[in-house]
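Counting starts at 1 for both ligands and their atoms, in listed order. Below, all heavy atoms of this structure are taken into account, side chains as well, without hydrogens, waters or symmetry copies. Fair warning: this is a prediction, and the values are worked out from it, not measured in the lab.
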Amino acid sequence: MAGVIRRLPEPLVNQIAAGEVVQRPASVVKELLENAIDAGANRIEVHVRDAGKSLVQVIDNGCGMSAEDAVLCFERHATSKIARLEDLQAISTLGFRGEALASIAAVAQVELRTRRPEDAYGTCVRIEGGRLKGVEACSAPVGTSVSVRNLFYNTPARRRFLKSDATEWRHILNVFRRLALCYSRIAFTLFYQGEPVYVLPPEALLDRLARLLEPSGPEDWVAVREETPYVALQGYVAKPVFSRISRGEPFWFVNGRYVRHRPLDHAVYSAYGELIPRESHPPFVLFLTLDPRHVDVNVHPTKEEVKFDDEPALHAVVRAAVRRALGEARVVPEAVWYGARLVERTGPPPKTEFGTGPSGSALPKTALMPQGVLRPLSAPYSEACRDSAEGDRASAKPEKPLEPKEAWDPLQEARLFWQLHNRYILVQIRSGVLIVDQHAAHERVLYEQALHALEGGLPATQQLLFPHTLVLPPEDFELLKELAHDLCRLGFVLKWGAGRQVSLLGVPAEVRPGREQTILQELLARYKRYQHAEVSSSSREALAKALACQMAVKSGDVLSPSEMESLLHHLFACQMPYACPHGRPTIIQLTLEELDRRFGRIGHLERA
Ligand code: ADP
Ligand code: MG
């Protein structure tokens, strides 16, 4: 009896295999664009009709193909990009499987026109459903044009499976945007039903991304750059006000290839910390360049998923670099009138008015506060902390009290700092006025000081004249024991007694008079609340937040001009001055320009 196993005819094999590479019109756009880029083109034109269902055409001015290659390129596993197994280790092109053209040609009507610079005339190849229909010499510009008509014309089931035009077109736009972002030095034009949708000249990445994405102002993005022996990172992240609740699309490019990578997305989001509300997503475009041996791009046929051999390292580099970039960019909210509504947007930092640049600030992080509501950190740190702080003490220099700036005219102080309803500080700066929330600002200052102390900085303690003894409920007692080491670093001096008794011998220097007795219980209560509410913050962050909130001046506290000045100087010496540890803004800027516009003075300034 004859066998039942049969070899499938080649066109059918291709049709089946095509399912993997060509899922929808957007896959065709992607494969053709990648081929054009691999061919070294610097000008690429894309034409789409009916969401790509009736036509996708890509025209490039790349290297072109010989007559022989123009036919060969449609054969499965025909590629010019890798020749040996070792080449797989170091792929520098977008394509390498030699499957795309064969797969596309299996399920559509394809016409290829191509010419190399050295050839007098070009070649035209027509192929339908995997069957060669004709090859002829033709006149053609240097480069390649591939048009793909009636996708899935011969596989009706798959054609029916396509989504609405709107959906398929959206997929095409996504593919186009990714490649256009990644290759900003290439000119791209995209036509839909004959009308230009995008006309992109060769340009810098920043201009390209502002053209393609929201926010659309180059000044709304912050540059990120980092280089380590393992990886080079560069690109842009949007300023915090542009973060969105919807996910949007994070753009990662690994060695020039678009990828998705959720864990790395989170590294970026977490770098914003309190600058953005929880569960919101700032857009970004970031490029990673690393030795191809550290990345496996071959995980998935459409090659959008990658694996890194040292993901934790990568995570740390990304988070640190983005965090630093945001800190250096000093993303301050600026009040702007839109119609009748006051909204915030980011604006240029007011740093020059204070003479405190991002890192050029001469102020020590734990500098002294003037007398008054803001207590000095002057007491020597406690006996109890000697052990843990010994190492730090050796290198720590004694900190000088904050000297008033020489250029500062005390007579002008009253005019420059104004306390509004004992709640906000108004400060005149060259470009207008800053409105500072005194509690939020002080919270930010104390929060960073506390974090610094927790990381081994120098704690400052005020010894209590009358030690305060408490008996704690069991769970608070356990919690206190757990936090004892960190509390000590913050300047608390505890002495353990019998049972659940604990004596408080010293408290952080900034604790306000009269609060010494209750501070510990209040701190524990707040800590528990933050730990509960914000699972993602570490125990140290929660502790620092609790302490900062506990000790900060309140709305309603009267501040002297020198206290206001000191607070602002400390605020601008912070890493992240523009938001309190809970993510609310500390500063709003109202520019003269804006005021002038509101008062109708724009254009009349000469006459004024
Ligand atoms: P791959 O890109 O994986 O090599 P493809 O099926 O996409 O596989 O293309 C097969 C080959 O055809 C490529 O390796 C390349 O040599 C050639 N080719 C395809 N498109 C172009 C183009 N636009 N310009 C020049 N050569 C091309
Ligand atoms: Mg290809």
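- Separation of the Trp221 and Phe284 ring centroids does not fall under the 6.0 Å cut-off.
- Taking a 4.0 Å cut-off on heavy atoms, Gly98 registers as neighbouring ligand 1.
- The proximity of Asp60 to ligand 1, defined as any non-hydrogen pair under 4.0 Å, is limited to the side chain.
- Partners of Cys124 under the side-chain contact (heavy atoms from CB on, under 4.5 Å) rule, at least two apart in sequence or in another chain, are Glu111, Arg113, Glu136, Cys138.
- Proximity of Thr144 to ligand 1, defined as any heavy-atom pair under 4.0 Å, is confined to the side chain (atoms from C-beta onward).
- Of the charged side-chain nitrogens involved, none lies within less than 4.0 Å of a carboxylate oxygen, so that Glu128 and Arg131 do not count as a salt-bridged pair.
- The closest approach between Met65 and ligand 1 falls below 4.0 Å for a heavy atom of the residue.
- Closest approach of Pro117 and Val142 over heavy atoms only: CA-CG2, 3.7 Å.
- Not one N or O of Gly64 is nearer than 3.5 Å to an N or O of ligand 1, by distance alone.
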Please step through side-chain hydrogen bond (donor to acceptor under 3.5 Å, both in side chains) for the pair Ser54 and Arg49, ending with a clear verdict.
CA-CA 6 Å; Ser54 47; Arg49 283 189 183 276; over 6 Å; no
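- Looking at Ala100 next to ligand 1, an N or O pair under 3.5 Å apart turns up.
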